[in-house]
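Worksheet: the structure to be examined is printed underneath.
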Protein chains: 2
Amino acid sequence: MNSDEKHYLAHYNSKDYPAPIYTVDTVIFTLHESELLVLLVERGNHPHKGKWALPGGFVNLEQDLDINETALRMLMAKTGVEAPLLEQVATIGNPTRDPRGWSVSTLYLALIPYTPVQQMLDSVTDVVWHPLNAVEKLDLAFDHLKLIEMATQRLQSKTAYTALPMHVLKKPFTLTQLQQAFELLLNKKLEKKSFRRRILNANLLTEVGESVQENGKGRPAALYEPSPKLDQYAFIRVFGG
Amino acid sequence: MNSDEKHYLAHYNSKDYPAPIYTVDTVIFTLHESELLVLLVERGNHPHKGKWALPGGFVNLEQDLDINETALRMLMAKTGVEAPLLEQVATIGNPTRDPRGWSVSTLYLALIPYTPVQQMLDSVTDVVWHPLNAVEKLDLAFDHLKLIEMATQRLQSKTAYTALPMHVLKKPFTLTQLQQAFELLLNKKLEKKSFRRRILNANLLTEVGESVQENGKGRPAALYEPSPKLDQYAFIRVFGG
DNA sequence: GACATTAGTGGCAAAAAGCCAATAATAGAC
DNA sequence: GTCTATTATTGGCTTTTTGCCACTAATGTC
């Protein structure tokens, strides 16, 4: 860096230039009683005060080391747990999505096993699990309905060639439970044998505890948990075509 | 909106809050003489003045209707042509990537048929096509080397289950040319029969002109162009496993 | 011990890729 | 014209993975 550039940087002030508002929002999915749920928080501030919205907010320029951490920090604040899966979906920006003006938001998608909201921290603001199927009736803040649709779409397409949905289940789980998670996400029945063959052949799961924990009737099922470090596994063919 | 919120908005000023710098950058790929090229521009301003960088910049809050348009506008300014393919790759943000401070950038990926830079507009700033394989030797501005790697990675993975690479070719093209584009992107030889069967069965191409335009010797090849509106086609299985 | 219920498997058909060799169409040499 | 080199295109069999459906396995209830 030469002295010319040093001089430029010494006098640079980002407030001298018009810039869009920048936020990070996350759609947190879970599964409970055969229903897909998303986490919503009630807005405590303007704009859209009182409406339901996605957990999200501004980057903390002092604390956050990158935008991933921004998302993780908010996730932790609202759920009190670390998400086993967090990934970026997309970024949208336009002048109309926020009444304060030109606004850009990076959308994340998180999957966590179900935890009742009562057990969560940050009880100051209202936080609820809301059925995914019913969010469109809710008059969400900003364009958050659209964001939820984008995240759902992404989750669905990844469900077709990865094993992502395993992260909405508490460990350990049975293959039948895993299949139910897939079916709810894809909105479609899957063939039992094909499903099991595919998952087991991929070696994504470790069998843990042979045939315990029954829910009442029928043959006890084998229990599995995700093998470590295989989050990014991709099948070479999509499922349920 | 109630009067309370109106009052809030009337007094809201985005400059009152610390915000990261926000930019949009695009990796523009093309193919020329059996080599993959990316478009680079020489920075005319601080910081990193004089270094090569990706085409990109700030949102124009008055003109751009969304960030897609921001990317399109810059693409048009640097190449003078409309890209047949533009899609978002990811957004990265951290306090170290730009010496001016906390900075967020949304990365796009564009594919265009080769056009010599001489024919391009905006000749004020220096613009070059640079071989993708040699960018790491170049001391690019900011984290743009990393951004190019991310875009390349995305393009490679999409090449495995879509027909995206067709957009780097001038229309019309032969199947052999298309296969070469795939092979350069995947860095791997593909099987001729499998490739042709896959592409043709998908009905992504329209045959146009039967067996014209030869480069010299051998049997003349059939010419094709992309069928309209099939950009998002995805094969149910990846290729070249 | 029969039955209901859930878990798990056997085995073949169908779809799509891998593989390799054969055939087709052109230009140029002679 | 005929032969040869070169590139394009196709035939056809093998392999891999999913789709399908019926069958077996293990448990609780009566």
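Computed over heavy atoms, backbone and side chain alike; hydrogens, waters and symmetry mates excluded. The shown structure was predicted, so the numbers you read here are calculated from the model rather than taken from an experiment. Proteins get letters first, then strands, A, B, ... in listed order; numbering begins at 1 in each.
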Checklist entry - Given the side-chain rings of B/Phe182 and B/Phe195, with only the six-membered ring counted for Trp, is the space between their centroids under 6.0 Å? => result yes
Next on the checklist: With rounding to the nearest 0.5 angstrom, report the CG to CG distance, B/Asp64 to A/Asn94.
Outcome noted: 11.0 Å
Next on the checklist: With rounding to the nearest 0.5 angstrom, report the CE to CZ distance, B/Met76 to B/Arg73.
Outcome noted: 12.5 Å
Checklist entry - Which nucleotide, C/dG8, D/dA26, D/dT17, lies nearest any side-chain atom of A/Arg237? => result D/dT17
Item to check | Listed nucleotide nearest any side-chain atom of B/Ile236, set D/dT9, C/dA16, D/dT17 | outcome: C/dA16
Checklist outcome for this item: Axis-to-axis angle for the helix from C/dG1-D/dC30 to C/dC30-D/dG1, ends of five pairs each, to 10°, equals 20°
Next on the checklist: If we ignore hydrogens and angles and just use 3.5 Å, is the side chain of A/Gln177 paired with the main-chain N or O of A/Leu169 as donor and acceptor?
Outcome noted: no
May I have the distance from [X] (atom [atom1]) to [N] (atom [atom2]), rounded to whole angstrom?
X        : N      : atom1 : atom2 : result
A/Arg219 : D/dT24 : CZ    : C1'   : 8 Å
A/Gln180 : C/dA7  : CD    : P     : 8 Å
B/Lys217 : D/dT4  : NZ    : P     : 17 Å
B/Phe235 : D/dT16 : CZ    : C1'   : 18 Å
A/Leu178 : C/dG8  : CG    : P     : 12 Å
A/Phe182 : D/dT18 : CZ    : P     : 12 Å
A/Leu190 : C/dA7  : CG    : P     : 15 Å
A/Gln179 : C/dT9  : CD    : P     : 14 Å

Checklist entry - Without hydrogens or angle criteria, can the side chains of B/Tyr233 and B/Asn203 be said to hold a donor-acceptor pair below 3.5 Å? => result no
Item to check | Donor-acceptor pair between A/Gln179 and A/Glu183 side chains, under 3.5 angstrom | outcome: yes
Checklist entry - Which residues, if any, of residues 191-207 of chain B bring a heavy atom under 4.0 Å of DNA chain C? => result B/Glu191, B/Lys193, B/Ser194, B/Arg197, B/Arg198
Hey, does [Y] have a side-chain heavy atom less than 4.5 Å from the side chain of [X]?
X        : Y        : answer
B/Thr176 : B/Arg196 : yes
B/Tyr108 : B/Ile67  : yes
A/Leu39  : A/Trp129 : yes

